[in-house]
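Working notes, structure below.
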Amino acid sequence: MTVNLLEQNYLYLLKKIEKESFSYSDNSPISRKKSLGQFFTDSSVANYMSGLFSFKKSIDKKLKVLDCGAGHGILALALLYKLISKGYKIIELTLYEIDDKAVKYLNDNLKLFKERHNSIEFSYTIIQKNFILDNCSDKFDYIISNPPYFKLNKSDLEAKKMEHVVHGQPNIYMLFMTKSSELLHNDGEMVFITPRSFTSGTYFKKFREHLLDNLSLAHIHIFNSRKEHFKNESILQETIITKFIKAPSENITITSSEDSQFSLINSLKVTKEMIIKRGRNVIGIPSSQEDIEVLKLFGASQQTFRDMGYRISTGKVVTFRSRAYISIDKQNLFSSNKKSVPLLWMQNFKKEKLVFPLDSKKEQYIQDLDETKSLLIKNENYIIVKRFSSKEQHRRINIGYIFKDKLPYDYLGLENHLNYIYREERQLEKNEMKLFGSFLTSKKVDQYFRIFNGNTQVNATDILNLPIPAELFKGYKCQD
Ligand SMILES: C[S@@+](CC[C@H](N)C(=O)[O-])C[C@H]1O[C@@H](n2cnc3c(N)ncnc32)[C@H](O)[C@@H]1O
């Protein structure tokens, strides 16, 4: 078959699958899609992902390929076409798909492919079983997947079976990646499209360790705009494509494109040491040469706020649990003579300054009683760090200041979406707070933070473990 004809067939079949899977999805109840974690890949993403394999394996030997969570087969078929165009002649494909309706389409699409390509030795097996629970003893050269995404409970059978990577609440996609990593031949390769959360989330720590102990990360692709990758779905998670190989490798390619049309692809080469922070095995994703300079600057620094003796804690007032003790208005709701103190929210900090009380529907006061004492903190000098922010915000780290002398109270309540920084043995000083605050909100810290944090959380440990390059923290003299 000439390359032209091959290309025509390829485009025809991929577009056909895209169309039918999207219309299948449109007609499927949301609850069903959610329970199956079913979001289909478009043809341009499938084409891009299938092109990431190295195609270094001998073309004369049998190549074993797996697509787990195959849906209508768009990824497997994109890869099959790439393989034929590279000259592979003996291909054995295995596909896992649990949804019986999708399996019908999958079977039709593969049958059609087989009919049209009778000059190669091609066989396929569709396994309509749970990929995680099935005892698959085969090994594969290439694995391609857009796995299902949804949270599991630790007591679910899938989580129990993969206990060795579960730490906190697991997501099924990481179990698909784990199982795939265990099914790869030496020198095998796997390409996945998943949420970015596994690169830094605490719940993925054990998983990352397992993955990075057994495979090398070879490629990461990120999308600059969040909404465009799955044309038919509104996916709010940041999505990435990763390639892992079962062979030692020090170098990683990082590419980025605006969206799933893959125009304007930017490409960087980095080393493992530059982006994988040992200890927590967190994976950073720089997307420009400037980001690499930031990594070098922070990488050269050993000192952290934790080393300098600072502490950070989370506001203890979870409002729905404390309803009986909180009120909008100081006087009216607490008609008794019980004492009340400020309850501070994110909204109380405007351009870092504390504004209290707010003219707001949010409760501004909490009672100061024996029952609430454990929820309150002493009124002292604190730096407040908001616990959530999004990629679209100007800065990921947003702060505020509480100065003791601005509030005539002995105690304060801090709502649970806030963290506060303090020292145990002494008050924070105003100058020190300003220095600390301007460091945390600087452009360089923002860049560094974004490289390592792909979710919306700003964790206490992320702040305490930030390396502090001396040149960005000039003027600080530790008094201890
Ligand atoms: C995110 S969709 C991707 C579908 C297809 N690969 C694509 O890219 O368009 C994941 C697929 O995995 C299937 N699935 C969900 N849980 C599964 C399981 N435990 N074992 C096998 N397949 C599963 C779903 O039915 C769904 O079709």
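Just so you know, ligand 1 is whichever comes first in the structure, and atom 1 is the first atom listed for that ligand. Values in this document were obtained by computation on a predicted structure and should not be read as measured data. Numbering starts at 1 and runs along the sequence shown.
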Enumerate donor-acceptor pairs with a distance under 3.5 Å from any side-chain N or O in residues 56-63 to protein atoms, sequence neighbours excluded.
from	atom 1	to	atom 2	distance (Å)
Lys57	NZ	Asp141	OD1	3.4
Ser58	OG	Asp60	N	3.2
Lys62	NZ	Glu92	OE1	2.8

Would you say the rings of Tyr81 and Phe113 are close, in the sense that their centroids are separated by under 6.0 Å? yes
Taking the ring centre of each residue, are Phe207 and His167 less than 6.0 Å apart? no
Given side chain to side chain donor-acceptor pair (under 3.5 Å), test Ser44 with Asp42 step by step and report yes or no. CA-CA 6 Å; Ser44 56; Asp42 67 42; 2.9 Å; yes
Below 4.0 angstrom, N of the basic side chain to O of the carboxylate: do Asp108 and Lys104 qualify? no
Could you go through ligand 1 and note, for every N or O atom, any protein N or O atom closer than 3.5 angstrom, writing the atom names and distance to 0.1 Å, or 'none'?
from	atom 1	to	atom 2	distance (Å)
ligand 1	6 (N)	Gly69	O	2.8
ligand 1	6 (N)	Ala70	O	3.3
ligand 1	8 (O)	Thr41	OG1	2.3
ligand 1	8 (O)	Asn146	ND2	3.4
ligand 1	9 (O)	Thr41	N	2.9
ligand 1	9 (O)	Thr41	OG1	3.4
ligand 1	19 (N)	Asn130	OD1	3.0
ligand 1	20 (N)	Phe131	N	2.9
ligand 1	22 (N)	Ile98	N	3.4
ligand 1	25 (O)	Gln38	NE2	3.3
ligand 1	25 (O)	Glu97	OE2	2.6
ligand 1	27 (O)	Gln38	NE2	3.0
ligand 1	27 (O)	Glu97	OE1	2.7
ligand 1	27 (O)	Glu97	OE2	3.4

Step through it carefully: locate the ring centre of Phe122, locate the ring centre of His117, and say whether they are under 6.0 Å apart. no
